[in-house]
There are 2 protein chains.
Amino acid sequence: MLNRPGQARLPGPRRKSSIPAAEAVAAQAATGKVDYGRLDDSLGYVLRRAQLAVFKTFQSTFKSADVTPAQCSVLLIIEKNPGLTQTQVSDALGIKRANFVALFDTLEARGLAQRAPASDRRSYALQLTPRGRALLRKIHTLSEVHEDRISVPLTKPERTELFRLLNLLLAPLEQGDDDGA
Amino acid sequence: MLNRPGQARLPGPRRKSSIPAAEAVAAQAATGKVDYGRLDDSLGYVLRRAQLAVFKTFQSTFKSADVTPAQCSVLLIIEKNPGLTQTQVSDALGIKRANFVALFDTLEARGLAQRAPASDRRSYALQLTPRGRALLRKIHTLSEVHEDRISVPLTKPERTELFRLLNLLLAPLEQGDDDGA
DNA sequence: TATTGTTATACTCTATAACTATA
DNA sequence: TATAGTTATAGAGTATAACAATA
C-alpha cells in the first residue's frame, strides 16, 4: 500500500455523506500533481517502493522458471547447505516452520527437492533432486539477468555502495529481533 | 519470507517419508552457520530484509499513535493535498480503490479524517478533522524519531547517498508500471 | 519435558469483478 | 458510455496454538 504509479483526475461528494455540510473544500490539488511531503524523505517509504518494484521485476524475469522469491531462496539455501532440516532452513530465511511445510510441499510436488531420512527421526534432511539442480542452473542465469536489470541506472561502484549502505542499515535493526544472525 | 533471524539445531528423517531410501545425507551443515550463497549478493533479498526491519521499527515507534504505515501515508497525503478524491489518494499511494474504502473507513471511524461533499457528486473531497491534525503533529514528531533510529548506523552523507541510490534505482522500475509518476 | 514436523485457523494485504449513482 | 465509490470475494503471506512422533 505504498507504491507510486500516476495521478488521478478530479474531486467532488456523493450519497452516504456522513459529515454535516462542510463548505465544499476548495480542492486546490485538482489541478496539478500530488505533494508527497515528508513521504519523499521517509526511508521506509522509499524502501517499500524499491522492494515492490524489484519484486515486480523479479516476477517478469523469473516467470519462465515459475518460482517465487521465497521458493527461490529455499532452493538456494538447500543447494549451498544440503541436509539441513526444515526448521534450520525456515529459521535461516525467517519463515515460520508452520508456513514452510506447504512451501516445501510445492517444491517436492514439482520434483525439485525432497525430504530425506536423517539421523534424528523427528526431522528430514532436505536435499535437491536432479531436476532441482537443473532448475538452479537456470535460476543462477536468471538471477544475473535480474540483478543486471535492476542495476541498470547504477554504476558498479554505486551498486556496491548501495549494498554496503543497506547492510549497514540492516545490522543493528536485525539484532533486537529474536536471537541474531 | 525473506528475513534472517538466527540458526536452528540439528537434522534427521521421520514418518511421512516420500522418497525411497536416500543414504542418510551427510548433513555437513549441521555444525556451523548457514551459507547464504548468492542471496547475500541479491539486491532484492537485501531490500526485502531492510524493508521488513524498518517496518518493525516503525511499529514499535508508532505504537502510541496506533497507525499503520499505510494509514500514516494517507493522512500525510491529505494533509498536504486537502480535497483530493479517494481515487486520487489511492492512485498516488498505489492502493487499489477497492481496498482504500475500508482503510479510510477506519480513519473516519476514529475521527481523524472525513469525506466532504465535492462538486462532482460521485466523489468526496477528503479532509482532515481537528483530531486528525492533532494526531499529525504527533506523527511528524514520531517520524523524526523513527528516521533517526533507523539512520543510526549511517552518517548524514551516507543517509543522503542511500536516498539518492534508492531513488536512482526506483526511477526506471516505476516507469513501466501503469502510467508514470 | 523439549523439539520437529504438521494441521488448523485467523488476520492482513492485495487483486478482480460487478454493482450504484452519478457524469 | 465512462467514472467514483462500493461490495464481495479470492488469493497470497504471515502469525499462533495445538497435536503426534521422537528425543
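Naming convention: chains lettered A, B, ... in sequence-line order (proteins, then strands); numbering from 1 in each chain. Both backbone and side-chain heavy atoms feed into the values below; hydrogens, waters and symmetry mates do not.
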(message) Taking the minimum atom-to-atom distance to the side chain of Ala98(B), which one of dT6(D), dT22(D), dT6(C) wins?
(response) dT6(D)

(message) Is Thr87(B) close enough to dT3(D) that one of its side-chain N or O atoms is under 4.0 Å from OP1 or OP2 there?
(response) no

(request) Mark yes or no for whether Glu147(A), through its side chain, and Leu43(B), through its backbone, hold a donor-acceptor pair below 3.5 Å. (result) yes

(request) Taking side chain to side chain contact (heavy atoms under 4.5 Å, CB included) as the test, write out the residues that go with Thr57(B), two or more places apart. (result) Leu173(A), Thr61(B), His146(B), Arg149(B), Ile150(B)

(message) In whole Å, I'd like the distance from the CZ atom of Arg122(A) to the C1' atom of dC19(D).
(response) 15 Å

(request) Find the distance Phe55(B):CZ to dC13(C):P and express it as a whole number of Å. (result) 7 Å

(request) Grab the CG-P distance between Leu52(B) and dC13(C) for me, whole Å please. (result) 13 Å

(message) Closest-nucleotide mapping onto DNA chain D: is Asn99(B) or Lys96(A) further toward the 5' terminus? I mean the 5' end.
(response) Asn99(B)

(request) Nearest whole angstrom, please: distance from the C1' of dG5(C) to the CG of Leu84(A). (result) 15 Å

(request) Can you figure out which of dA23(D), dG5(C), dG5(D) approaches the side chain of Arg121(A) most closely? (result) dA23(D)

(request) Any chance you could measure Arg159(B), atom CZ, to Leu169(A), atom CG, to the nearest 0.5 Å? (result) 9.5 Å

(message) Under 4.0 Å from OP1 or OP2 of dA4(D): is there any side-chain N or O of Arg97(B) that close?
(response) no

(message) Would you say Gln86(A) places a side-chain N or O within less than 4.0 Å of OP1 or OP2 belonging to dT6(C)?
(response) yes

(request) Could you tell me the separation between the CG atom of Leu103(A) and the C1' atom of dT14(D), rounded to a whole number of Å? (result) 12 Å

(request) Calculate the interatomic distance between Tyr124(A) atom OH and dA23(D) atom P; express it in whole Å. (result) 13 Å

(request) May I ask you to evaluate whether Arg115(A) reaches the phosphate of dT6(C), defined as a side-chain N or O under 4.0 Å from OP1 or OP2? (result) yes

(message) Can you measure Asp91(A) atom CG to dT3(C) atom C1' for me and round it to whole angstrom units?
(response) 12 Å

(message) Distance check needed: dT16(D) C1' versus Phe100(A) CZ, whole Å only.
(response) 19 Å

(message) Does this structure show an ion pair linking Arg115(B) with Asp105(B), if we count only N-O contacts that are shorter than 4.0 Å?
(response) yes

(message) Going by side chain to side chain contact (heavy atoms under 4.5 Å, CB included), name the residues that satisfy it together with Asn99(B), two or more places apart in sequence or in a different chain.
(response) Ile95(B), Lys96(B)

